[in-house]
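Written below as structure tokens is the structure these notes are about.
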Amino acid sequence: MSVDRRTFLKAAAAAAAAPLLPGCASAPDASAGPVTLSAGVGRQALAEAQPPIDVWGYDAAVPGPVLRFRQGERARIVAKNALPEATTVHWHGVRVPNAMDGVPHLTQKPIAVGGEFVYEFDLPDAGTYWYHPHQAGYLQVARGLYGAFVVEERAPIEVDQDAVWVLSDWRINPDGTQREDWATFRDLTHGGRIGNVITVNGRKLGEGEGLSVRAGERVRLRLVNAATARIFVLSFAGHSPTVIAYDGQPVAPHAPEKGRIVLAPSERVDVLIDCMAAPGSRHPVVESFYARFSGNIGYLAYRDEAPLRKEPSRAPIALPANPVPEVNLAKAERHEIVFEGGAMGSLREGIVEGKKIPIRQMVQDYGLAWTVNAVAAIEEDHHHTPLLTLKRNGHYLLAMRNDTSWHHPIHLHGHAFRVVARDGKPTPHQEWRDTVLMNPNESVDIAFVADNPGDWMFHCHVLLHQAGGMMATVRVA
Ligand code: C2O
Ligand code: CU
């Protein structure tokens, strides 16, 4: 038995013996400062009276701890690998230096079994972020490796409760075990691996369970979509949430269209909710994206306490802007990017390892079904020619076209970008984001200043689409 194998078994035994957090309506917080984060295997029940299932998690729980820091601080996180395979940690949305971005082979060597890697970086932006492996994400994230990463403003807005909901889903067999079908042909070529059980902070919430609130209070709820494929469209019955940030980046406070909050995989939305209903009442949080699975994912559960105030708080709610460089659209250089492939698409061939091959061969020989500007990238091989080479501090507009019948949340590492137009029409909020959802056959223009040097991933966050070729490298030199 190799040392690695023995270390793993010991870690696995320790993880199995550790009391796993039951998962609750607000995830546990790790204090700021030096942090260790251990990726390992364990068992966790997704609901009361359910048998525990095998999971992979950080610090023996799904989700991992909420890592909380303050804007301007330097994060130092020792990531340990007690998994049976190599991993990395990516700090999704945090504008880190390239060497800290956690992309195997591209920015670092994978963390070997039993090994560790020290991530250390400054935190220029406040906001809601998250962390997850960037190695075989379609499998490692699906098994439970993810957690929220919160950077508090230097002067936070005034709220009575600051809560985090990490949303995810699982594919569970009738006998309660998890289906280990991580990469089927159907999921690869369709909408990814969508589960049949939704959890909030690792827990399938029962009737009336959810976020405990007091009447009259103002809650800041940080929503994180950690699912590998599922899009959430949430509405809060009897309440009118106000959106104050997308992907950690402040936006002019506004009511979401039709009261529905859209969260594609990897996206975050910060909402403020003034809880003005009656003490003791319960109000469902309804998910409505997929007709087949829609339903309540949890509740706002009012405690039986006298209201904290009679009128909603009047404290200001606009968040101070982060120091993201403003992009000048007039001088931005334009690049066109076309996404193709998948079922019901028109893609006939793609470029794999420099050779043009028919889609049938892409799928059969390589498990690839998607392209970015005609190229299907192989995930383990991060040495492809960059899709784009951008000049440092240059201003860029990426005119992206989704030439597929599927939704794709497109994520750029190392930068925040403005979502400037959809199908040629300016967006109402011109929001900053790190991930933008492209609807089937939609065009989306994003713009940014390429101020962070390095080779950055640019990919779909439906993680099977990413593994299936929908990814590329953007070089800032
Ligand atoms: Cu959330 Cu490339 O990652
Ligand atoms: Cu996709």
Side-chain angles (χ1 to χ4, degrees), residues 63-64 87-96 98 100-108 128-138 140-142 145-149 166-168 183 187-194 224-231 247-248 263-268 337-345 347 368-372 376-377 379 382 387 400-417 433-442 444 452 454-474:
T87 194
T88 63
V89 189
H90 170 58
W91 316 96
H92 184 118
V94 183
R95 296 189 298 139
V96 299
N98 193 255
M100 295 293 121
D101 201 40
V103 179
H105 311 295
L106 189 68
T107 71
Q108 70 169 93
T128 305
Y129 305 95
W130 66 297
Y131 57 91
H132 64 80
H134 222 285
Q135 171 109 3
Y138 69 91
Q140 296 195 0
V141 176
L145 288 165
Y146 43 80
F149 189 106
V166 178
L167 308 176
S168 191
D187 291 337
L188 168 73
T189 54
H190 290 65
R193 185 175 178 274
I194 293 156
V224 180
N225 184 354
T228 61
R230 174 181 286 272
I231 297 168
D247 296 348
L263 277 161
S266 89
E267 290 186 335
R268 289 86 62 215
I337 298 171
V338 183
F339 299 90
E340 293 177 282
M344 292 174 269
L347 186 69
L368 298 170
W370 306 91
T371 59
V372 183
E379 189 176 20
H382 282 98
L387 168 74
M400 309 194 297
R401 202 170 81 232
N402 176 4
D403 240 342
T404 81
S405 304
W406 304 92
H407 290 83
H408 304 289
I410 303 298
H411 173 44
L412 173 66
H413 286 212
H415 298 78
F417 51 76
R433 305 209 65 135
D434 56 56
T435 306
V436 65
L437 178 61
M438 301 189 76
N439 296 308
N441 297 304
E442 192 183 31
V444 178
N452 202 352
D455 283 354
W456 300 102
M457 292 292 298
F458 176 68
H459 64 90
C460 179
H461 223 289
V462 170
L463 297 177
L464 263 185
H465 291 179
Q466 180 199 347
M470 200 177 257
M471 72 177 171
T473 308
V474 170

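In each ligand, atom 1 is the first atom listed, and ligand 1 is the first ligand listed.
- With hydrogens and angles ignored, the 3.5 Å screen pairs a side-chain donor or acceptor of N225 with a backbone N or O of A264.
- Summarising the geometry, atom CG belonging to L145 is positioned 14.5 Å from atom NE2 belonging to H90; distances are rounded to the nearest 0.5 Å.
- Rounded to the nearest 0.5 Å, atoms CG (N402) and CG (N439) are 8.0 Å apart.
- Taking both residues in full, the closest heavy atoms of P63 and G147 are given as CB-CA, 4.3 Å, listed atom of the first, atom of the second, then distance.
- Remark: the backbone N or O of A142 is not paired with any side-chain donor or acceptor of T228 at under 3.5 angstrom.
- Note on H408: its N/O/S atom closest to the Cu ion (ligand 2) is ND1.
- H465 contributes atom ND1 as its closest N/O/S atom to the Cu ion (ligand 2).
- Excluding waters, the protein N/O/S atoms found under 2.8 Å from atom 2 (Cu) of ligand 1 are H134 NE2, H413 NE2, H459 NE2.
- Within the coordination shell of the Cu ion (ligand 2), defined by N, O or S atoms under 2.8 Å, C460 is present.
- With H134 as the fixed residue, the ring pair (Phe, Tyr, Trp, His ring centres under 6.0 Å) test singles out one of H105, H413, H461, H411: H413.
- Side chain to side chain, H415 and D434 fail the donor-acceptor criterion of an N or O pair below 3.5 Å.
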